[in-house]
Amino acid sequence: MKKVAVLMSGGVDSTFAAIILKDMGFEVTGVTLNLTGKVPKRAREMAQLLGIKHTVLDLKAEFYEKVISTFVNWYLSGITPNPCSLCNRFIKFGIAFERILAELNVDFVATGHYLGKTEYKGYPVIKEGKDKRKEQSYFLALVKSEALPRLLFPLEDREKREAIETVYSRTGVKYDSRGSQEVCFLEGKSVGAFIRETMKKESIKRGDIIYVGKRVGKHSGIFEYTIGQRRFGLSMGKPLYVIEIDAKNNTVIIGEEELLYKEDIKIGNLNLFVPIQLWEKPTGKIRYRSEKVEIVDIKREGDLYTIKFQKAVRAPTPGQVLAIYEGEYLIGGGIILR
């Protein structure tokens, strides 16, 4: 009997994944990651209701170093990180994945992500899930390709409605369809409030808000802003947006919406599932809910890549992830630099 460890948060999706794998005949162990010191009790309860083993993996120090510290430092540097993508690369499918395989002697690690895994042009790749409202491949664009052969995604062809109904019928526990939409460690706080609580007051500096080269106001910390943001505490008589965050000069630059659109971007930390020379008609997504836009040119300059789109994309943001696809297949990804 094959053994699989399912990352269980206590939510309906990971519980549904455990049910599917158990029904398929796997020997299932639920693994809950202790990332912030608050381990969800429901994860253990759900494992008990399903009759599977359960264990907790303590990764607080690693999570703080790789995700929380990066999150804070990038915001203080005028960069808007994607913490879920960082967590997936370095924690869930990085440190946790390696420890689970080594310590639990399992054949596979599984999650409750709504996506799948297949081969494309001879390489293992992630495939978009059936439920497009919950489809999550974007957040795995930075996961190392070496991990894919040992990963299972049992929710590829499933829908959220089915997860809620199945878990209720098997455990008697009722979930709603909303799920969690927030960054886990923020615990309901805004980014600004979290950073203010985390940092020393003297490290937070006020600065200027600039419009057409002139100071028009003051900001209370550049981490309160991100590219494309509409509200910045000033009434300018017309719609204006944050178009640049200049960390070196501690300024926030605002301007008209048309200045947000860019036909090309630079990315670093390029993660490949399929070699670039095999790409035919790649498309890119610059954020989770954005549309895919055709990529018409890629130029490499050392470790940096300039990506040119068929049409301008709105508000590409340093620190966010560019996920690259061919059709429904995720073939690569990188971090937007500028």
Side-chain angles (χ1 to χ4, degrees), residues 66-67 70-71 74-75 77-94 113-115 120-121 123-129 132 135-145 147-148 183 226-229 241-245 259-338:
K66 297 293 186 180
V67 180
T70 300
F71 179 86
W74 281 17
Y75 262 109
S77 301
I79 300 169
T80 305
N82 189 307
C84 294
S85 295
L86 295 175
C87 181
N88 283 333
R89 178 178 174 90
F90 295 111
I91 304 298
K92 289 181 181 176
F93 302 106
H113 286 91
Y114 286 87
L115 48 84
Y120 182 62
K121 297 185 177 178
Y123 293 86
V125 296
I126 290 164
K127 180 184 176 184
E128 290 180 320
K132 299 307 179 186
E135 203 284 313
Q136 296 164 302
S137 59
Y138 173 85
F139 295 108
L140 274 68
L142 303 182
V143 171
K144 293 180 181 179
S145 61
L148 290 185
V183 177
T226 188
I227 305 299
Q229 184 172 325
Y241 302 81
V242 174
I243 61 171
E244 184 182 346
I245 300 170
L259 297 175
L260 291 172
Y261 287 85
K262 309 291 182 183
E263 286 190 354
D264 53 57
I265 61 174
K266 287 191 183 294
I267 66 169
N269 305 96
L270 183 62
N271 182 55
L272 295 174
F273 297 111
V274 176
I276 291 179
Q277 57 267 30
L278 297 180
W279 295 4
E280 294 180 43
K281 293 183 178 180
T283 59
K285 285 178 68 170
I286 62 167
R287 60 179 55 83
Y288 176 42
R289 293 297 184 187
S290 69
E291 66 172 340
K292 295 175 184 173
V293 178
E294 182 182 349
I295 295 171
V296 295
D297 190 40
I298 303 170
K299 290 181 180 177
R300 181 174 182 177
E301 308 160 50
D303 292 332
L304 302 181
Y305 294 79
T306 299
I307 308 292
K308 184 175 180 59
F309 295 102
Q310 183 267 332
K311 65 177 183 178
V313 294
R314 187 183 187 279
T317 303
Q320 291 292 292
V321 171
L322 171 71
I324 304 170
Y325 296 82
E326 279 199 353
E328 60 186 347
Y329 306 111
L330 181 65
I331 58 174
I335 297 176
I336 299 171
L337 302 179
R338 60 181 182 272

(message) Is it the case that over 12 heavy atoms from other parts of the model lie below 6.0 angstrom from the OH atom of Y120?
(response) yes
(message) Show the nearest heavy-atom pair for residues G332 and F273, with the distance to one decimal.
(response) N-CD1, 3.7 Å
(request) Write down the atom of V67, the atom of P83, and the distance for their closest heavy-atom approach. (result) CG1-O, 4.0 Å
(message) Per the salt bridge (Lys or Arg N to Asp or Glu O under 4.0 Å) rule, what does the pair list look like for residues 261-272, sequence neighbours excluded?
(response) E263-K308, K266-E301
(request) State, to 0.1 Å, how close N271 and V143 come at their nearest heavy-atom pair, and which atoms those are. (result) ND2-O, 2.7 Å
(message) Checking the side chain of Q320 only, and the main-chain atoms of P81 only, is there a donor and an acceptor separated by less than 3.5 Å?
(response) yes
(request) Could I get the full list of side chain to side chain donor-acceptor pair (under 3.5 Å) partners for T80, not counting sequence neighbours? (result) T226
(message) Taking G302's backbone N and O only, do any of them form a donor-acceptor pair with R300's side chain (distance below 3.5 Å, no angle check)?
(response) yes
(request) Could you pull out the closest heavy-atom pair between Y138 and K285, with the gap in Å? (result) CE1-O, 3.6 Å
(message) Is it the case that the side chain of W279 and the backbone of V274 share a donor-acceptor pair, with hydrogens and angles ignored and the cut-off at 3.5 Å?
(response) yes
(message) Suppose the criterion is salt bridge (Lys or Arg N to Asp or Glu O under 4.0 Å): which pairs have a residue in residues 329-338, not counting sequence neighbours?
(response) none
(request) Quick one: pull up CG in L115 and CG in L140 and give me the separation to the nearest 0.5 Å. (result) 5.5 Å
(request) Using a 4.5 Å cut-off on heavy atoms from C-beta on, say whether the side chain of T70 contacts that of F90. (result) no
(message) Among residues at least two apart in sequence or on other chains, which ones pass ring pair (Phe, Tyr, Trp, His ring centres under 6.0 Å) with Y325?
(response) none
(request) Have a look at F139 and tell me which of Y288, Y114, F93 forms a ring pair (Phe, Tyr, Trp, His ring centres under 6.0 Å) with it. (result) Y288
(request) Kindly indicate, with the supporting measurements, whether the criterion side chain to side chain contact (heavy atoms under 4.5 Å, CB included) is fulfilled by V125 and L330. (result) CA-CA 6 Å; V125 296; L330 181 65; 5.7 Å; no
(request) Output the distance between atom CG (L322) and atom CG (L337), rounded to the nearest 0.5 Å. (result) 10.5 Å
(message) Assess the residue pair L270 and I276 against the criterion (side chain to side chain contact (heavy atoms under 4.5 Å, CB included)); give the C-alpha distance rounded to whole Å, side-chain angles, the decisive distance to 0.1 Å, and a yes or no.
(response) CA-CA 10 Å; L270 183 62; I276 291 179; 3.7 Å; yes
(request) Give the minimum heavy-atom separation between I126 and L148, together with the two atoms involved. (result) CG1-CD2, 3.8 Å
(message) Any side-chain to backbone donor/acceptor pair from K92 onto R89? Under 3.5 Å, distance only.
(response) no
(message) For the CG atom of N82 and the CZ atom of F71, what is their distance to the nearest 0.5 Å?
(response) 10.0 Å
(message) Show every salt bridge (Lys or Arg N to Asp or Glu O under 4.0 Å) that has at least one partner inside residues 271-283, sequence neighbours left out.
(response) K121-E280
(request) May I ask you to test the I245-I227 pair for a side-chain heavy-atom distance under 4.5 Å? (result) yes
(request) Please report the closest heavy-atom contact between P282 and I331, naming both atoms and the distance. (result) CB-CD1, 4.3 Å
(request) Ignoring hydrogens and angles, tell me if any N or O in the side chain of S137 forms a donor-acceptor pair with the backbone of E135 under 3.5 Å. (result) no
For residues 290-298, run the donor-acceptor check on the side chains, cut-off 3.5 Å, and write out each pair with its distance to 0.1 Å, sequence neighbours left out.
from	atom 1	to	atom 2	distance (Å)
S290	OG	I286	N	3.4
S290	OG	R287	N	3.2
S290	OG	R287	O	2.9
E291	OE2	K311	NZ	2.9
K292	NZ	E128	OE1	3.3
K292	NZ	E128	OE2	2.9
K292	NZ	G327	O	2.9

(request) Output the distance between atom CD1 (I335) and atom CG (L86), rounded to the nearest 0.5 Å. (result) 6.0 Å
